[in-house]
Amino acid sequence: MSLGRQELIELLGERDACTLEKLYARAYKVKVDNVGPEVYLRGLVEISNICRKNCLYCGIRRDNASAGRYELSVGEVLEAVRFAARSGYASVVLQGGERTDSAFISKISFLLEEISRIKCPDGGTLGVTLSLGEQAEEVYREWRAAGARRYLLRIESSTRELYEKIHPRDGLHSFGARMEALHALRRCGYQVGTGVMIGLPFQNEAHLADDLLFFKELDIDMCGMGPYIEHSMTPLYAFRSLLRPAPERLELSLKMVALLRMLMPDINIAATTAMQTLDPKGREKAILAGANVVMPNLTLSEVRKDYQIYQGKPGIEEDAAITSSGLEKALEDMKIPIGFNRWGDSLHYGKRNQSSDS
Ligand code: SAH
């Protein structure tokens, strides 16, 4: 579907509930027609909150001395991954703060090899996504060879000026380098996912329209985006008076999901935890606006409190088993099938490479 920049800006500014319901319903139909009715699950393991970066919005930024730092052991990560396998999730995401030291790089390679040996109930293996920040191309290549199939690296904002406002100018944070990392991931053969935060201070509808056009231009396979949520131990907290109220930030996120679904009918789009944080039904709403992936959080309860990218994240008890979290029931009530025991790879990627697996 071709939606021009001006049209996108206007739709992103739309506030009429009735018009928005129609927009979401249209996007939902585009989803069902193109990627089917299923929602796919990815068990999320937050492997470590140790980070070399200092992003001005993020609660696990290097200079936040009040965050207790942790790194899960290989055994702990594998325990969570086995839980995902047993539960029929079929895919996992390993996410963490950014580290580029060789001990970390080899640990990830080792984990990937171990994970490739874990069997799902149907005898198959797990699909693995990494979300571990910017790395050298040879590291992306090593991890791809060790078994990672997908990589999530949010551009955070595709407008250089806004990107530079929300990252320190310390030589370590570079818009160009982040963009280049996305191209490197593509070259290494990953299903490439990116995304942005929605409702940032200084951000307007035009920035978000440009983000949508950027996703299309980059021809991404997957997208994870969600509302920005302020964290009191970060520099960006000082600008909280500029924020839209939380319900409006969630609504803006739903509009982003719906419009992206219409622009890119066959990609995977996540209903993210940040949406759930702003509204207990946020993920379900995102699914009804065109998202087709959810990421139940499998991180162990003892450390979960320390992976506070933003404040107010839901607790572990609520989520690891989607049965107890209510998500499974909610999807059932909505008559939305869950793609248990299926990887749910990006169809868009499959088509580009003319070979779909699983
Ligand atoms: N180190 C990895 C993972 C970062 S955490 C990386 O660089 O990709 C995953 C995402 O959380 C980030 O990409 C960012 O978009 C989001 N995030 C960070 N702080 C946030 C906040 N305060 N509110 C909402 N989302 C936030």
Side-chain angles (χ1 to χ4, degrees), residues 42 44-64 67 69 71 93-100 104 108 129-135 139-140 143 148 150-158 162-163 166-168 172-175 177-182 184-185 190 192-201 203 208 211 215 220 222-240 242-244 246 249-250 252-253 256 270-279 282 295 297 299 304 306-314:
R42 283 84 174 87
L44 175 65
V45 191
E46 293 154 337
I47 61 169
S48 163
N49 67 353
I50 301 170
C51 193
R52 64 199 279 268
K53 291 279 183 73
N54 225 356
C55 306
L56 302 179
Y57 45 85
C58 184
I60 64 166
R61 66 198 302 272
R62 190 187 61 221
D63 287 355
N64 179 11
R69 301 289 164 169
E71 180 183 354
V93 181
L94 306 187
Q95 187 177 80
E98 186 175 299
R99 273 177 63 188
T100 52
F104 180 74
I108 299 302
T129 308
L130 296 179
S131 177
L132 301 169
E134 291 163 43
Q135 304 287 340
V139 174
Y140 286 151
W143 289 345
R150 321 174 176 129
Y151 204 104
L152 288 173
L153 183 75
R154 290 189 180 179
I155 190 71
E156 314 298 359
S157 168
S158 65
L162 180 54
Y163 181 94
I166 60 170
H167 293 95
L172 203 57
H173 300 74
S174 144
F175 180 72
R178 199 142 184 106
M179 198 66 90
E180 176 44 39
L182 285 168
L185 288 165
Y190 286 91
V192 177
T194 190
V196 293
M197 282 172 289
I198 299 163
L200 285 161
Q203 186 189 48
L208 292 167
D211 291 334
F215 299 152
I220 61 171
M222 324 182 288
C223 185
M225 54 188 173
Y228 162 71
I229 302 172
E230 63 276 30
H231 190 300
S232 60
M233 299 309 286
T234 63
L236 216 58
Y237 194 68
F239 299 97
R240 64 190 179 285
L242 301 179
L243 297 177
R244 300 163 196 257
R249 262 179 278 159
L250 179 72
L252 196 51
S253 306
M256 285 290 282
T272 56
T273 315
M275 298 179 179
Q276 185 196 5
T277 305
L278 288 192
D279 175 344
M295 298 157 66
N297 194 327
T299 309
R304 197 194 262 204
D306 294 319
Y307 198 83
Q308 289 259 6
I309 299 172
Y310 45 80
Q311 285 160 324
K313 277 178 71 180

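Order of appearance sets the numbers: ligands from 1, and atoms from 1 within every ligand. Computed from a predicted model, the values in this text were never measured in an experiment.
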Does ligand 1 come near enough to [X] that some N or O of the ligand is less than 3.5 Å from an N or O of the residue?
| X | value |
| --- | --- |
| G59 | no |
| Y57 | yes |
| E156 | yes |
| I229 | yes |

Residue, atom name and distance, where the atom is the protein heavy atom closest to atom 17 (N) of ligand 1: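 Going by distance alone, atom 17 (N) of ligand 1 is nearest to I309 CG2, 3.2 Å.
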Distance from atom 9 (C) of ligand 1 to nearest protein heavy atom, with residue and atom: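 So the nearest neighbour among protein heavy atoms is Q95 NE2, 3.5 Å.
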Region of C55 that comes within reach of ligand 1 [heavy atoms, distance under 4.0 Å]: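 No part of C55 is near ligand 1 at this cut-off.
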Part of E134 within contact of ligand 1 (heavy atoms, under 4.0 Å):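 It is neither; nothing of E134 touches ligand 1.
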Partners meeting salt bridge (Lys or Arg N to Asp or Glu O under 4.0 Å) with R150 (sequence neighbours left out):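 Scan of R150 (salt bridge (Lys or Arg N to Asp or Glu O under 4.0 Å), adjacent residues dropped) gives D345.
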Options G226, G96, S48, ranked by nearest heavy atom to atom 3 (C) of ligand 1, top entry: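 When every heavy atom of G226, G96, S48 is considered, G96 comes closest to atom 3 (C) of ligand 1.
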K53, R178, Q135: member with heavy atom nearest to atom 7 (O) of ligand 1: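 That would be R178.
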F104 and I47, any side-chain heavy atoms less than 4.5 Å apart: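 Counting from C-beta outward, I47 and F104 do come under 4.5 Å.
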Nearest heavy-atom neighbours spanning L153 and E134: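 Reported closest heavy-atom pair: CD1-N, 4.0 Å.
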Close aromatic pair by centroid cut-off 6.0 Å: Y228 and Y57: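 Not close enough - the centres of the two rings lie 6.0 Å or further apart.
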Contacting atoms of ligand 1, where contact means under 4.0 angstrom from a heavy atom of P227: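 Numbered from 1, ligand 1 contributes 24 (C).
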Per-atom contacts, ligand 1 versus R154 - under 4.0 Å to a heavy atom: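 Heavy-atom distances to R154 below 4.0 Å select 13 (O), 14 (C), 15 (O), 16 (C).
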Residues S48 and E71: side-chain donor-acceptor under 3.5 angstrom: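 Absent: no donor and acceptor within the cut-off.
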No-hydrogen, no-angle side-chain donor-acceptor test under 3.5 Å, Y307 and Q95: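 A pair is found: one side chain offers a donor N or O, the other an acceptor, under 3.5 Å apart.
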